[in-house]
Amino acid sequence: MKDAFGLPQSLLVLGGTSEIALATARRLIARRTRTVWLAGRPSPALEEAAGQLRGLGADVHTIAFDALDPASHEAVLGKVFAEGDIDMVLLAFGLLGDQARDEREPEAAVRVAQTNYTGGVSAGLVCARSLQSQGHGSLVVLSSVAGERARRANFIYGSSKAGLDAFAQGLGDALHGTGVHVMVVRPGFVRTRMTAGLPEAPLATTPEAVATAVELGLRRRAETVWVPGALRVVMAALRHLPRGVFRRLPV
Amino acid sequence: MSADTDSDPDVMGLDHTTVTGWGRTAPTAARLIRPRTYEEAATAVRECGARGGIPRGLGRAYGDAAQNAGGSVLDMTALDRVHAIDADGGTVLCDAGVSLHRLMEVLLPLGWFVPVTPGTRYVTVGGAIGADIHGKNHHVSGSFARHVLALELLTADGEIRTVVPGTPLFDATAGGMGLTGVILTATIRLQPVETSLMSVDTERATNLDDLMARLAATDHRYRYSVAWIDLLARGATTGRAVLTRGDHAPLDALPARLRRDPLAFRTPRLPATPAILPEGLLSRTTVGLFNELWYRKAPRTRTGQLQRISAFFHPLDGVPHWNRVYGRGGFVQYQFVVGYGREDALRRIVRRISERRCPSFLAVLKRFGESDPGWLSFPVPGWTLALDIPAGLPGLGAFLDELDEEVAAAGGRVYLAKDARLRPELLAAMYPRLDDFRQLRAQLDPRGVFVSDLARRLSL
């Protein structure tokens with residue numbers, strides 16, 4: 001069960017090798033979390049991540065999960081929930097893609113969209129249903145500022161996150177009053193493997209900062225969390241810029 | 001959700017409600033059932049489904065003891081009959097859903113009072129037994145279960161058992177947080193009184209050592225005793241306090257005006273706290289100001305002041321929904337006890353809370369007397385401190401974890417009826433009879449019919 005501060009005792013991570021997810025898991029293990037499920041494609045990296053979290057004292061399981069195979073989600077995730085209550089699901093899988101290549105190869109672009117959006121819709125709904133029958137739990141969805149307004153430099157990724165973000169907001173409204181809490185996390189540029197080599201955007205942040213913001217959001221039962229918090233204001237301004245001006249911004 | 005989910009038994013329909021404790025943290029959803037007869041209660045227990053059920057009274061437990069995510073919550077307040085009063089012998093037989101408020105209404109005119117009352121009258125008899133509550137008279141009268149002569153318990157098999165003191169099932173049920181079954185009725189031994197007024201002595205203590213010395217030296221002279229502490233005071237005034245102690249006023253202490261109706265039970269009520277209040281109403285500044293005023297307005301010493309029962313025992317009951325002043329984020333109450341001889345631990349903890357500047361305007365210190373046999377019953381002989389803190393205070397969780405360590409190291413414990421955040425690993429050290437409790441539950445309720453969020457969180 002979560003405690004008075006919204007901290008979970010059991011955690012399911014979808015996208016078990018995500019650096020942001022693992023930073024969050026480490027932080028939560030230092031508080032109350034004792035059981036962690038890492039779901040992802042079987043790989044040495046997934047096992048290594050599990051080993052690291054075990055070293056912190058948690059009881060860690062890995063489970064084979066593929067965002068691109070929605071047909072399997074019900075069975076795979078159902079098995080996890082059958083083992084006991086999950087207090088928090090962290091939906092953390094996602095592909096950044098390569099904008100230039102993806103524009104040339106629509107099939108690659110579709111893979112980004114299917115992973116980030118379709119996979120999120122499927123896994124999100126499957127988990128929401130289980131959380132709802134538990135009568136409690138948090139579903140934390142990693143969105144991105146890129147979804148707030150699509151820009152030239154990464155609109156394929158951005159549009160997939162926009163879809164996921166809108167889906168998660170609606171799901172949160174649908175689950176209002178069921179004991180289940182949906183929280184959308186919108187980080188800006190996070191320094192991770194995913195962004196290695198990319199030019200750094202202003203207000204860049206770290207996986208640890210995202211983890212801190214997630215913990216704070218759980219305590220406040222927040223519905224939206226920006227990381228860093230200043231992005232809330234910045235994006236509110238950018239969202240209302242005329243297209244012609246926005247297009248010319250060096251963002 | 002949408003209409004098509006109604007056909008799926010796995011997904012909740014509209015009859016689910018979110019439930020929290022009095023602290024309003026950690027809401028979860030459950031099916032709320034309000035049995036009106038014992039048969040309906042038995043049916044509800046038999047049919048409560050895979051995620052079990054838990055009885056609930058008036059919801060005054062601060063934490064998650066009376067909520068059950070995804071399962072059933074049995075609201076017992078419709079079972080509220082007072083069956084029989086023995087006005088000569090001083091006992092009452094009543095349903096578990098009867099509130100202490102109701103008991104006072106019917107018993108006071110007959111010259112009887114409840115043997116133990118906590119800081120609110122709005123708790124049920126079932127809840128009082130389930131949490132084995134204590135009051136300002138613990139050093140004299142022990143906890144509530146000491147005054148229970150018998151109770152009827154609806155157990156997981158659907159049977160109704162009569163349970164009497166001195167049996168394992170009684171000791172598991174007293175303080176058992178509703179996890180052994182649903183209490184249906186109880187027979188309670190009462191306290192005789194001549195009047196409905198209290199004769200109260202008030203004095204101020206300038207710091208914690210002064211307070212502890214005064215309490216230790218003179219507590220035995222009073223039936224009821226409590227000290228309000230200003231936990232925002234620092235330095236030399238750390239632990240400054242107002243002591244309020246007294247007993248039921250005898251008839252000859254009343255002025256002629258009040259002697260005409262000495263047993264009248266009056267309970268003034270103010271308008272309810274608004275549902276929406278600005279966040280951050282209780283800051284260090286506002287609580288500091290309140291505490292300063294509260295301390296200054298108390299007389300240095302005053303004796304024999306006549307007070308109504310409601311003013312002496314239940315000042316906050318006059319403000320319905322006072323828990324809303326903590327805002328949307330709710331609050332946690334932290335109550336612990338450390339045994340006599342461990343005053344060092346108490347001093348350290350009070351100093352840490354004062355240094356930390358927790359905005360707590362409700363902090364209460366008192367001395368416990370002999371403990372009662374309930375396996376998970378909270379009181380043990382020693383010092384107990386209770387304080388309310390807004391749950392949104394940054395770093396509060398980690399801070400309270402550190403206090404838990406200190407309490408456990410001193411052989412003390414925290415109160416489960418108020419808990420919403422204890423680290424499960426510390427529970428066994430705090431409650432040495434925990435394994436007996438778990439074993440009895442495993443035998444009595446092998447399918448785990450009775451379960452609560454508290455039980456899940458702490459693996460009770």
Side-chain angles (χ1 to χ4, degrees), chain A residues 1-10 27-35 57-59 74 78 81-82 84-88 124-138 170-182 212-213 215-223, chain B residues 1-2 5 8-12 14 16-21 23-31 50-51 62-64 67-73 279 328-334 389 391-398 400-401 419-425 452-459:
Chain A
M1 294 302 301
K2 60 188 177 239
D3 69 2
F5 308 109
L7 295 178
Q9 290 180 322
S10 56
R27 193 166 178 97
L28 294 174
I29 289 167
R31 302 279 189 255
R32 281 290 179 278
T33 304
R34 293 294 170 269
T35 310
D59 180 15
E74 190 116 39
F81 279 91
D85 281 14
I86 297 292
D87 302 334
M88 170 171 156
L125 286 175
V126 169
C127 290
R129 202 171 136 107
S130 297
L131 292 172
Q132 204 186 352
S133 53
Q134 271 178 197
H136 74 103
S138 294
L171 186 62
D173 291 339
L175 292 174
H176 187 79
T178 62
V180 182
H181 162 223
V182 179
T212 308
E215 189 192 339
L216 185 71
L218 290 172
R219 193 181 82 209
R220 293 186 178 159
R221 274 178 252 158
E223 291 175 327
Chain B
M1 289 174 84
S2 58
T5 55
D8 187 329
D10 284 336
V11 175
M12 294 187 178
L14 289 171
H16 283 78
T17 321
T18 47
V19 180
T20 72
R24 309 210 304 162
T25 57
T28 62
R31 196 156 52 102
R51 290 186 66 87
Y62 288 80
D64 50 6
Q67 53 196 73
N68 176 23
S72 301
V73 170
E279 295 287 307
R328 211 165 51 100
F331 69 105
V332 290
Q333 182 160 88
Y334 189 64
I389 319 170
L393 204 67
L396 182 61
L400 293 179
D401 282 353
D419 180 56
R421 30 103 1 231
L422 180 68
R423 228 170 62 217
E425 294 92 298
S452 62
D453 288 359
L454 175 84
R456 285 198 184 92
R457 185 166 54 80
L458 296 177
S459 313

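Quick note on labels: first sequence line is chain A, next is B, and so on, each numbered from 1. The structure displayed is predicted, hence computed values, not measured ones.
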Notebook entry, point to check: Does the side chain to side chain contact (heavy atoms under 4.5 Å, CB included) test come out yes or no for B:R421 and A:R32, once each step is laid out?
Noted result: CA-CA 9 Å; B:R421 30 103 1 231; A:R32 281 290 179 278; 4.1 Å; yes

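- A:M1 approaches B:R456 most closely through the heavy-atom pair CG-CB, 3.5 Å.
- A distance of 10.0 Å separates CG of B:L458 from CG of A:D3, quoted to the nearest 0.5 Å.
- When the salt bridge (Lys or Arg N to Asp or Glu O under 4.0 Å) test is applied to A:R219, no partner is found at least two apart in sequence or on another chain.
- Not a single donor-acceptor pair under 3.5 Å links the side chain of B:R328 to the backbone N or O of A:R221.
- Interface check for chain A: of the options B:L422, B:D453, B:D64, B:V332, the most heavy-atom pairs under 4.5 Å are formed by B:D453.
- For a residue to count as touching a neighbouring chain, one of its non-hydrogen atoms must lie under 4.5 Å from one of that chain's; by this rule B:P394 touches chain A with backbone and side chain alike.
- If you take CG on A:D85 and CZ on B:R51, they are separated by 4.0 Å, rounding to the nearest 0.5 Å.
- For A:R34, the salt bridge (Lys or Arg N to Asp or Glu O under 4.0 Å) partners two or more places apart in sequence, or in a different chain, are B:E425.
- Residue contact with chain A, scored on non-hydrogen atoms closer than 4.5 Å, involves the side chain of B:D401 exclusively.
- A pairwise comparison of heavy atoms in B:T18 and A:G177 identifies CG2-O, 3.5 Å as the closest pair.
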